[in-house]
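To find a chain, count down the sequence lines: A is the first, B the second, and so on, and within it residues start at 1. All of these numbers come straight from a predicted model, not from anything done at the bench.
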Amino acid sequence: MKIASWNVNSLKVRLEHVLDWLREHNPDVLGLQETKTIDENFPLEALKAAGYEHIAYSGQKTYNGVALISKHPIESIVTDLPGLDDPQRRVLIATIKGVRIFNLYVPNGSEVDSDKYQYKLNWLKALTSFTKEELSKHKKLLLMGDFNIAPEDRDVHDPEKWKDQVLVSDKERAALQKLLKLGLVDSFRLFDQEDRSYSWWDYRMLAFRRKAGLRIDLVLLSDALAKECKSSCIDIEPRKLERPSDHAPIFVDLKAS
DNA sequence: ATGGTCGTCTAACGA
């Protein structure tokens, strides 16, 4: 089973890129973040016509918004983290073919020690609590999405410049480590990867051309799924298109499941 | 050099 994740930064603008990418890569499941569309405007028909009959979404106006697009039935949907009273639509958790899938748009955090940064840390705490609970019920568990955290310095094009900045700062990296310690692995690092592998490049300053990116989009796997993982990749091709998302799609290939 | 570029019910704001 092939499972993918992509922060599209507006599904309305990026629909053709998404449809082309689905045709080319044929994943079983694609999780989207930053759809920026209310549920009534979700482009259901175009995605169903592309062979994805099972679709779930949790959208809002202007900001955030997540969706799961699947070839297989989507069961036991959860759209809110317990204990977090949050109107922002950042979470879509569901079971597909026996895999518990978390599709996540982690808060950006704006600036270190801002209110938004504190919200990010609180959000990650609530995520970690719920992940622990879900891991006790589901051996095959996967978290994917825009984590807005670069796990290590090798995930940052210029660690000196980024030191102590949001997306890289110690407290958010520690929060990610705490999540991983529940029994999850960063699937990307199960395999040899090219140096300077990133998933996001700022629109400004010709960042993509300069390879000035960060790897902040992740697929985390429980031990049971890590054993089944055949590959974990970032596809930078869509970032080269006209009017691209600032993020690249990422995906894993799982044996069996 | 504190900018720059996108996307959003075109105006600040968020990323």
Contact letters for nucleotides 4-13 of chain B, in which S counts primed atoms plus P, OP1 and OP2 and B counts the base, heavy atoms under 4.0 Å: BBSSSS----
Candidate pair Glu228(A) and Lys140(A), rule salt bridge (charged side-chain N to carboxylate O under 4.0 Å, His left out), full reasoning: CA-CA 10 Å; Glu228(A) 295 184 0; Lys140(A) 294 185 179 183; 3.1 Å; yes
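The salt bridge (charged side-chain N to carboxylate O under 4.0 Å, His left out) search around Lys181(A) returns none, not counting sequence neighbours. By the side-chain hydrogen bond (donor to acceptor under 3.5 Å, both in side chains) test, Trp123(A) pairs with no residue at all, sequence neighbours left out. Taking Arg215(A) as the reference, Asp155(A), Asp186(A) meet the salt bridge (charged side-chain N to carboxylate O under 4.0 Å, His left out) condition, with sequence neighbours excluded. Contacts of Arg196(A) classified as salt bridge (charged side-chain N to carboxylate O under 4.0 Å, His left out), with partners at least two apart in sequence or in another chain: none. With sequence neighbours excluded, no residue forms a side-chain hydrogen bond (donor to acceptor under 3.5 Å, both in side chains) with Tyr52(A). Taking the side-chain hydrogen bond (donor to acceptor under 3.5 Å, both in side chains) definition, one finds that Lys171(A) meets it with Asp113(A), sequence neighbours left out.
A straight line from NZ of Lys161(A) to P of dT2(B) spans 14 Å, rounded to a whole angstrom. Rounded to whole Å, the distance from CD on Gln88(A) to P on dG14(B) is 10 Å.
For the salt bridge (Lys or Arg N to Asp or Glu O under 4.0 Å) condition, no pair includes a residue of residues 38-67 of chain A, sequence neighbours left out.
DNA chain B is contacted by Tyr105(A), Asn108(A) of residues 105-113 of chain A, taking any non-hydrogen atom closer than 4.0 Å.
The separation of dC6(B) from dA11(B), taken at their C1' atoms, amounts to 15 Å, rounded to a whole angstrom. Using C1' as the reference atom, dA1(B) and dA12(B) are 24 Å apart when rounded to the nearest Å. Atom P of dC9(B) sits at a distance of 15 Å from the matching atom of dG14(B), rounded to the whole Å.
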